[in-house]
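Notes for the one structure printed next.
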Number of protein chains: 2
Amino acid sequence: MNDSDRFMKEALKQANKAYDKGEVPIGAIVVKDGKIISRAYNKRETEMKATSHAEIIAIEKACKKLNNWRLNDCDLYVTLEPCPMCAGAILNSRIKNLYFGAYDKKSGAIVSNLNMLDYEFCNHRTNYESEIMKIECEKIIKDFFKELRK
Amino acid sequence: MNDSDRFMKEALKQANKAYDKGEVPIGAIVVKDGKIISRAYNKRETEMKATSHAEIIAIEKACKKLNNWRLNDCDLYVTLEPCPMCAGAILNSRIKNLYFGAYDKKSGAIVSNLNMLDYEFCNHRTNYESEIMKIECEKIIKDFFKELRK
């Protein structure tokens, strides 16, 4: 198993925690120097907070850990393509590399609806790679909504 | 003084608090049924958190107050045009109306660089109005950076 699969597996574990709590199952982790420095999952319903997406919480925890709002040497792994808010937070925190699993046709802002990390006006460049453990990342979301419709 | 000027003046008071703490002076408030339900200012340096923009903090406080991640009947007043992250948070929290003062040519995502509130793919529509107390909102930012360069 390569590094990006290994880290995405940890993000998937977080997504599973969200699943168990009835939250849309999305998980994220922040990695620095090959080590996980924060883990988070979507808590929008639990916290009743519009900003409590997995990526935002993972970024905030990483800032706290490093006591720095700049996460220049950090990578973010997230099971689902980030929304506009989270893509903006990735840029604002200067994340180096974004790795995501499944595409979000509805709200994805990296490739699906917008290309938030490719705009010239942003003064930071975050590289990104998609389809990391895509099948597993798609499955957990599909399973969740299938069960929800029952 | 009309309502939007009156509320923007309150947002400006918040921006002044940021100014006094050496933060880029941006202030925001959330209004529901004609009443201010949250007030916030930019705390990025104080909190060392990439997400601590005035709008995000104001939205989070409003969610907490209403115990709801949906702010459907709420308006957000902010002294400066929101960045992509904050524009995304405005959509995610379903803010009804956004009022902002000055344009942010560098990072603004409402009209200056992106049109985040106009995209068809978003499942929520937030109306917006700009140039509320524009001169005052521009002045505080200009004064801050003028002093910083000294």
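So that the names make sense, note that chain A is the first sequence line, chain B the second, and so on, each numbered from 1. What you are looking at is a predicted structure, and each value in this text was computed from that prediction instead of being measured.
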ask   = When heavy-atom pairs shorter than 4.5 Å are enumerated against chain A, which of B:Cys63, B:Ala109, B:Cys83, B:Cys86 gives the highest number?
value = B:Cys63

ask   = If Ile, Leu, Val, Met, Phe, Trp and Tyr residues are connected whenever their side-chain heavy atoms lie under 4.5 Å apart, and connections chain through other members, are B:Phe100 and B:Phe144 in the same group?
value = yes

key: Minimum heavy-atom distance B:Met116-A:Pro84, with the two atoms named   = CE-CB, 3.4 Å

Cluster link A:Leu117 to A:Leu114, ILVMFWY, side chain under 4.5 Å = no

task = Indicate if B:Leu80 and B:Ile95 have the same hydrophobic cluster label, given that clusters are the connected sets of ILVMFWY residues with side-chain heavy-atom separations under 4.5 angstrom.
result = yes

query = Considering only heavy atoms, which portion of B:Ala89 lies under 4.5 Å from any heavy atom of chain A: side chain, backbone, both, or neither?
reply = both

key: Shared hydrophobic cluster, B:Ile29 / B:Ile26 (ILVMFWY, side-chain heavy atoms < 4.5 Å)   = yes

Please list every donor-acceptor pair closer than 3.5 Å that links chain A with chain B, giving the two atom names and the distance for each.
residue: A:Glu45; atom: OE1; partner: B:Trp69; partner atom: NE1; Å: 3.3
residue: A:Glu45; atom: OE2; partner: B:Trp69; partner atom: NE1; Å: 3.0
residue: A:Thr51; atom: OG1; partner: B:Glu60; partner atom: OE2; Å: 2.6
residue: A:Glu60; atom: OE2; partner: B:Thr51; partner atom: OG1; Å: 2.6
residue: A:Trp69; atom: NE1; partner: B:Glu45; partner atom: OE1; Å: 3.4
residue: A:Trp69; atom: NE1; partner: B:Glu45; partner atom: OE2; Å: 3.1

ask   = Would B:Leu12 end up clustered with B:Ile135 when hydrophobic side chains under 4.5 Å apart are linked, directly or stepwise?
value = no

